[in-house]
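The structure appears right after this line, and notes come after that.
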Number of protein chains: 2
Amino acid sequence: MNISASAEGLSAEPKTLVESAYRALRRDIIEGSLVPGEKLRVEHLKDNYGVGAGTLREALSLLISDALVVSQGQRGFRVAPVSLEDFEDITRTRVMLECEALRQSIAIGDDAWEADLVAAFHRLAKAEEKRIGSEVREEWEERNRIFHEVLIAACPSRWLKHFLSILYQQAERYRRMSLYLQPIPRDIHIEHEALLQAAISRDADKAAAMLAEHIQLTFRSVQAIPAEQLNK
Amino acid sequence: MNISASAEGLSAEPKTLVESAYRALRRDIIEGSLVPGEKLRVEHLKDNYGVGAGTLREALSLLISDALVVSQGQRGFRVAPVSLEDFEDITRTRVMLECEALRQSIAIGDDAWEADLVAAFHRLAKAEEKRIGSEVREEWEERNRIFHEVLIAACPSRWLKHFLSILYQQAERYRRMSLYLQPIPRDIHIEHEALLQAAISRDADKAAAMLAEHIQLTFRSVQAIPAEQLNK
DNA sequence: GAATTTAAAAATCTCGAGAAAAATGGTTGA
DNA sequence: TCAACCATTTTTCTCGAGATTTTTAAATTC
């Protein structure tokens, strides 16, 4: 059962033009090339993305699920705006949900889960070594996402994982604004490694505490950015 | 900032045909007249709802946000399936989120919030007196939703409230399958009243415990339904 | 000079028709 | 009898064009 469009969108190949446009738009919004608050004029965008107007409208409708696009009545679509308040809310909610999911995952996860986790960490570490280059950056982003995903993979609640995938996506958008300026500000590798160790040794309290700190640190590093950067 | 289509959809009047179709479809899915798992053929439905094919597709795309509709690749749309597992997950997740939101609401809510809460309870109680009739039933459903909404209204987290509105909608769908058979099985009124008292007296622990029990009781009453009723 | 009104321009919203894919059903062959 | 195959039908997906609404800009009035 595919709960969300985003969940189905990440794994398989796009089979329709709507799906392709949906992904391309999502990427551009998360990357920031489509600026927060910007008006999304269908007549302009349909040329950029090489699809018809109806198709693009449908893709934009799907992006509302992810709260990356907002629409109001008869006034078209906009890129969802950003604010420090919003990111603080995202961070708080994510800490709450992701810690709970992690505890359940640690409690339930079997050997196969452990193996997946170690593998995901290893792939992430490999990408961390070579720190520069934009396609390497994309690779790191993807592997970081997967590491966090695998951490909570053994949690049995589909809904918890669904909400977390939305929040992760939102957080990534803010994080990119930060890292764009200060490339790798803190030593994320050590945080990830400690988190892995705590999870493997089934120390749920410690793992949850580290995860909370990890997520909150990302918030603080974005918070440090001058307010003008966050185009209100 | 309107986070979701559902949030914007509930208050104001529909300004576009997409919005109208979205609401009509949502109502029919929650009510159950569109059966879980059923294929949603655009060519058929566009006549029923009096809109064009593209418009209906867009409305269906919006319903994916609410996880009331699922779509896969080149095979069209379906009403989201139901299962006891899913409802159990919804219940657990909702208990977790709604209790947390209630605690925050109780901690932060001011006199105006209290007044709104008492008013919402009163309106709900009025609807509870006259228990029969289908339009009265609709009214009760609406007021019940508002009561739960006002309970957590003072919670400052938009995301928590956003997720809860989705979960409430999902739960309502399951609840209707139950109440259709056994009209008002337990004395919900007493539960609501005790919940109100605990909230007003700022007893967060007690209120959260009652809310958890309240939500879980609904799950158990659906659980009691024979499995054949839940069209898998 | 500022505010209201009016007209033009742009954008959104909507529909119907055509191309591509999937589901259907009957036929053939082992 | 069963399975594989092909033609037909249905359905999904996609596009371009027309009707409303919003936005923009100029013109008029006070």
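Note that these values count all heavy atoms, side chains included, but never hydrogens, waters or copies made by symmetry. Every chain is numbered from 1, with letters handed out A, B, ... down the list of sequences.
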Check every atom of [options] against the side chain of [X] and return the nucleotide holding the closest atom.
{"X": "Q74(A)", "options": "dT12(D), dA23(C), dC13(C)", "result": "dC13(C)"}
{"X": "E43(B)", "options": "dT14(C), dC15(D), dC13(D)", "result": "dC13(D)"}
{"X": "H44(A)", "options": "dC15(C), dA11(C), dC15(D)", "result": "dA11(C)"}

Legend entry - K39(B) atom NZ, over 12 foreign heavy atoms within 6.0 Å: yes
Legend entry - Flag if over 12 foreign heavy atoms under 6.0 Å of CZ, R27(B): yes
Legend entry - Electrostatic pair R158(B):E85(A) at N-O distance under 4.0 angstrom: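 No, this pair does not count.
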Inset, instruction - Look at R145(A) together with E141(A) and state whether they make a salt bridge at an N to O cut-off of under 4.0 Å. - result: no
Under-4.0 Å side-chain N/O to phosphate OP1/OP2 contact, [X] with [N]:
{"X": "T55(A)", "N": "dC13(D)", "value": "no"}
{"X": "K46(A)", "N": "dT14(D)", "value": "no"}
{"X": "R75(A)", "N": "dA11(C)", "value": "no"}

Describe the nucleic acid contact of [X] in one word from base, sugar-phosphate, nothing, applying a heavy-atom distance below 4.0 Å.
{"X": "G54(B)", "result": "nothing"}
{"X": "L40(A)", "result": "sugar-phosphate"}
{"X": "L45(A)", "result": "nothing"}
{"X": "K39(B)", "result": "sugar-phosphate"}

Send over the distance from [X] [atom1] to [N] [atom2], rounded to a whole Å.
{"X": "R78(A)", "N": "dT22(D)", "atom1": "CZ", "atom2": "C1'", "answer": "12 Å"}
{"X": "L56(A)", "N": "dC13(C)", "atom1": "CG", "atom2": "P", "answer": "12 Å"}
{"X": "E19(A)", "N": "dA20(C)", "atom1": "CD", "atom2": "P", "answer": "20 Å"}
{"X": "E58(B)", "N": "dC15(C)", "atom1": "CD", "atom2": "P", "answer": "11 Å"}
{"X": "L17(B)", "N": "dT21(D)", "atom1": "CG", "atom2": "P", "answer": "11 Å"}
{"X": "L60(A)", "N": "dA11(C)", "atom1": "CG", "atom2": "C1'", "answer": "14 Å"}
{"X": "Y22(A)", "N": "dT14(D)", "atom1": "OH", "atom2": "P", "answer": "16 Å"}
{"X": "R57(B)", "N": "dT11(D)", "atom1": "CZ", "atom2": "P", "answer": "14 Å"}

Inset, instruction - Report the residue (R41(A) or G52(B)) whose heavy-atom-nearest nucleotide on DNA chain C is the more 5′ of the two. - result: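 Its nearest nucleotide being more 5', the pick is R41(A).
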Legend entry - Within-4.5 Å side-chain heavy-atom neighbours: L56(B) and L25(B): yes
